[in-house]
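Take a look at the structure below.
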Amino acid sequence: MLEKNQSSNELIDREKLVNIGANLLYEKIIEEKSISVMEPNYVLQVCKAQFISFTEDLTTERLQEIVEKKDSIFIKRISSLASLMIKLNLIDYQSIETGLSIVDIRSMFAISILETFNSINSIYAKNNPNISLIPDLFYKTINQCIGIVKMLNLGLLSDSFGAWRTLHESICIIKILIDGKEEVQNEYIRHIVYTNAYRGGITDDKLRDEIFLELKTKMKGYDLKSKDMKKFIEYGWIYKYDGFVFSDPSYRLNFRDGVQRCAKLEDFKEWYEIASELSHSSAIFFYSNEEYFLNLLIHGLYEMLVILEEEFYKYYKNKILSMPYNFVVNYNDFKNMLIEIASKQKCIFNKEFFGNEDVE
């Protein structure tokens, strides 16, 4: 017990020394005025990370010696490197000519409404599909949207479009799962289990054999062959959804003719195909018209945001309406503003590239 207490005390002492060292680096950087404008807390966190990196293999005694000599070569060297790294990691958003400015209302509003979603959804997301499937999917999708906005800020248009493709897939799945309710949601969860077994995530041989037996039995019921197993594991849950028409051969076990079609979002199939081309580094990836794709992406992002909001409100309606009055008013204002910006962006895109505001 005494040994554990001593170890714990040593860790506390070391943490104190690290904080002192980080402050020494911070003071040195500020003193040298090598960085003109920067959030102080960010600089301090960088200093702490750098100090830990350079001293993690040193003894506590050696650490004590270092922090006692604030003008040592060691401190000067680390502060110089930390200052250089901060400069090299700073993003001058104003110099990014092909991106969406961080002060553009379309960027600021997108982040604002997404963080509003997060403020509600984060309470219920538990990263456990058995108890929080829809909130978990919302969590991933909301933060994926935020990532797309950040990529647009950086002018990473091709990367943004690849992420838009995944976003579209996510929203299609969420839309079906909410509409399909418990039966479809439970089947989706079961297919997560199949995926884990298929990918080697289940090490218990007996359990894995039972899962594969269940999987093969289901496939046989749908008249599927062994070659269809991977496809069934990924998309087979859609068979439980009433919107999947077995009598129509054009409905298939894939995303485009299955999930996307059941979600009634086929209008985006051409966008999805273009995004697929970009993800495979085709000629369009290297020689795409940046202005066109920026406008297309903003338009596409807002189209997805409108659908995401509809599904989010459908799922959380009672909880939203039970919020304080001011929150409900602000949410409704955001909702109306979202629809307005999406409509305006659509008109801008169609007029700019097709000469007609009404082009679909």
Side-chain angles (χ1 to χ4, degrees), residues 109-146 148-149 164-189 191-192 235 237-245 255 258-269 271-272 299-343 345-346:
F109 177 76
I111 295 295
S112 297
I113 195 165
L114 287 165
E115 289 297 356
T116 300
F117 294 158
N118 259 337
S119 70
I120 300 170
N121 186 69
S122 60
I123 300 170
Y124 305 99
K126 306 297 181 185
N127 195 33
N128 183 342
N130 292 310
I131 61 174
S132 58
L133 176 64
I134 302 301
D136 290 346
L137 297 187
F138 271 134
Y139 177 83
K140 294 286 286 188
T141 305
I142 291 164
N143 286 289
Q144 187 177 39
C145 283
I146 292 174
I148 292 174
V149 177
W164 179 92
R165 175 190 175 191
T166 307
L167 172 64
H168 173 57
E169 292 172 344
S170 300
I171 289 177
C172 285
I173 291 170
I174 288 173
K175 198 170 185 292
I176 293 169
L177 290 178
I178 290 176
D179 187 51
K181 298 184 173 59
E182 190 174 347
E183 182 180 14
V184 181
Q185 292 169 22
N186 287 339
E187 187 67 14
Y188 184 84
I189 292 170
H191 278 257
I192 293 176
Y235 300 110
W237 57 273
I238 200 74
Y239 280 162
K240 286 289 184 181
Y241 184 57
D242 289 342
F244 191 94
V245 185
F255 176 76
V259 176
Q260 184 178 245
R261 190 168 183 182
C262 286
K264 295 181 170 58
L265 292 176
E266 306 100 308
D267 288 348
F268 296 97
K269 64 181 180 182
W271 299 37
Y272 187 80
H299 174 26
L301 173 63
Y302 267 88
E303 289 292 308
M304 290 296 107
L305 282 175
V306 169
I307 300 168
L308 179 61
E309 190 285 323
E310 290 172 351
E311 296 306 314
F312 190 85
Y313 187 78
K314 186 189 298 181
Y315 186 77
Y316 281 117
K317 181 178 179 180
N318 292 334
K319 291 181 173 61
I320 291 172
L321 294 179
S322 67
M323 294 281 191
Y325 176 76
N326 286 342
F327 183 93
V328 178
V329 171
N330 290 336
Y331 185 93
N332 286 331
D333 285 344
F334 269 4
K335 182 175 184 176
N336 293 332
M337 193 172 177
L338 170 61
I339 295 170
E340 182 181 341
I341 294 177
S343 178
Q345 188 60 41
K346 180 179 180 180

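Counted by atom type alone, Asn118 and Ser122 present zero donor-acceptor pairs between their side chains at under 3.5 Å.
With rounding to the nearest 0.5 angstrom, the OH atom of Tyr272 is 3.5 Å from the CD atom of Glu169. Note that CD of Glu266 is 9.0 Å distant from SG of Cys172, once rounded to the nearest 0.5 Å. To the nearest 0.5 angstrom, Ile171 atom CD1 is 10.5 Å from Glu303 atom CD. Expressed to the nearest 0.5 Å, how far CE of Met323 lies from CD1 of Ile120 amounts to 4.5 Å. With rounding to the nearest 0.5 angstrom, the CD1 atom of Ile178 is 8.0 Å from the CD atom of Gln185. The CD1 atom of Ile320 lies 13.0 Å from the NZ atom of Lys314; values are rounded to the nearest 0.5 Å.
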Item to check | Criterion side chain to side chain donor-acceptor pair (under 3.5 Å) on Tyr139 and Asn127, from CA distance to verdict | outcome: CA-CA 9 Å; Tyr139 177 83; Asn127 195 33; over 6 Å; no
Next on the checklist: Checking Tyr188 against Ile176 for the side-chain contact (heavy atoms from CB on, under 4.5 Å) test, could you report, in this order, the C-alpha distance in whole Å, the side-chain angles of both residues, the deciding distance, and whether it holds?
Outcome noted: CA-CA 10 Å; Tyr188 184 84; Ile176 293 169; over 6 Å; no
Checklist entry - Given the rule in the side-chain contact (heavy atoms from CB on, under 4.5 Å) test, do Ile173 and Thr141 qualify, once you have shown the distances and angles that lead to the verdict? => result CA-CA 11 Å; Ile173 291 170; Thr141 305; over 6 Å; no
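When all heavy atoms of Lys175 and Ala263 are compared, the pair lying nearest together is NZ-O, 3.1 Å. In plain terms, the two heavy atoms of Leu177 and Ile134 that are nearest each other are CB-CD1, 3.8 Å. Pairing each heavy atom of Ile174 with each of Glu311, the nearest pair is CG2-CB, 4.4 Å. Of all heavy-atom pairs spanning Ile189 and Pro129, the tightest one is CD1-O, 3.2 Å. A pairwise comparison of heavy atoms in Lys240 and Val184 identifies O-CG2, 3.7 Å as the closest pair. Looking at every heavy atom in both residues, Leu305 comes nearest to Cys145 through CD2-SG, 4.2 Å.
Contact check for Tyr124 versus Ser132: no side-chain heavy atoms found under the 4.5 Å cut-off. Using a 4.5 Å heavy-atom cutoff, the side chains of Leu167 and Leu301 are in contact. Contact of the Ser170 side chain with the Gln144 side chain is registered, since non-hydrogen atoms from C-beta on lie closer than 4.5 Å. A heavy-atom distance below 4.5 Å is found between the side chains of Trp271 and His299. Inter-residue side-chain proximity for Phe268 and Trp164 is flagged as met; some heavy-atom pair is nearer than 4.5 Å.
Counting only residues at least two apart or on different chains, the side-chain hydrogen bond (donor to acceptor under 3.5 Å, both in side chains) pairs with a member in residues 317-332 are Glu309-Tyr331.
Under the ring-ring contact (aromatic ring centres under 6.0 Å, His included) criterion, Phe312 pairs with Phe117, Phe138, Tyr316, not counting sequence neighbours. Residues meeting the ring-ring contact (aromatic ring centres under 6.0 Å, His included) test with Phe109, sequence neighbours left out: Phe334.
For the side chain to side chain contact (heavy atoms under 4.5 Å, CB included) criterion with Ile146, the lone passing option out of Val149, Asn143, Ile148 is Asn143.
Residues His168 and Phe255 place their aromatic rings such that the two centres sit under 6.0 Å apart.
Around NZ of Lys264, the count of heavy atoms belonging to other residues, nucleotides or ligands within 6.0 Å does not exceed 12. More than 12 heavy atoms of other shown residues, nucleotides or ligands fall within 6.0 angstrom of atom CG in Asn336.
In this structure, the side chain of Thr116 engages the main chain of Ser112 through a donor-acceptor pair within 3.5 Å.
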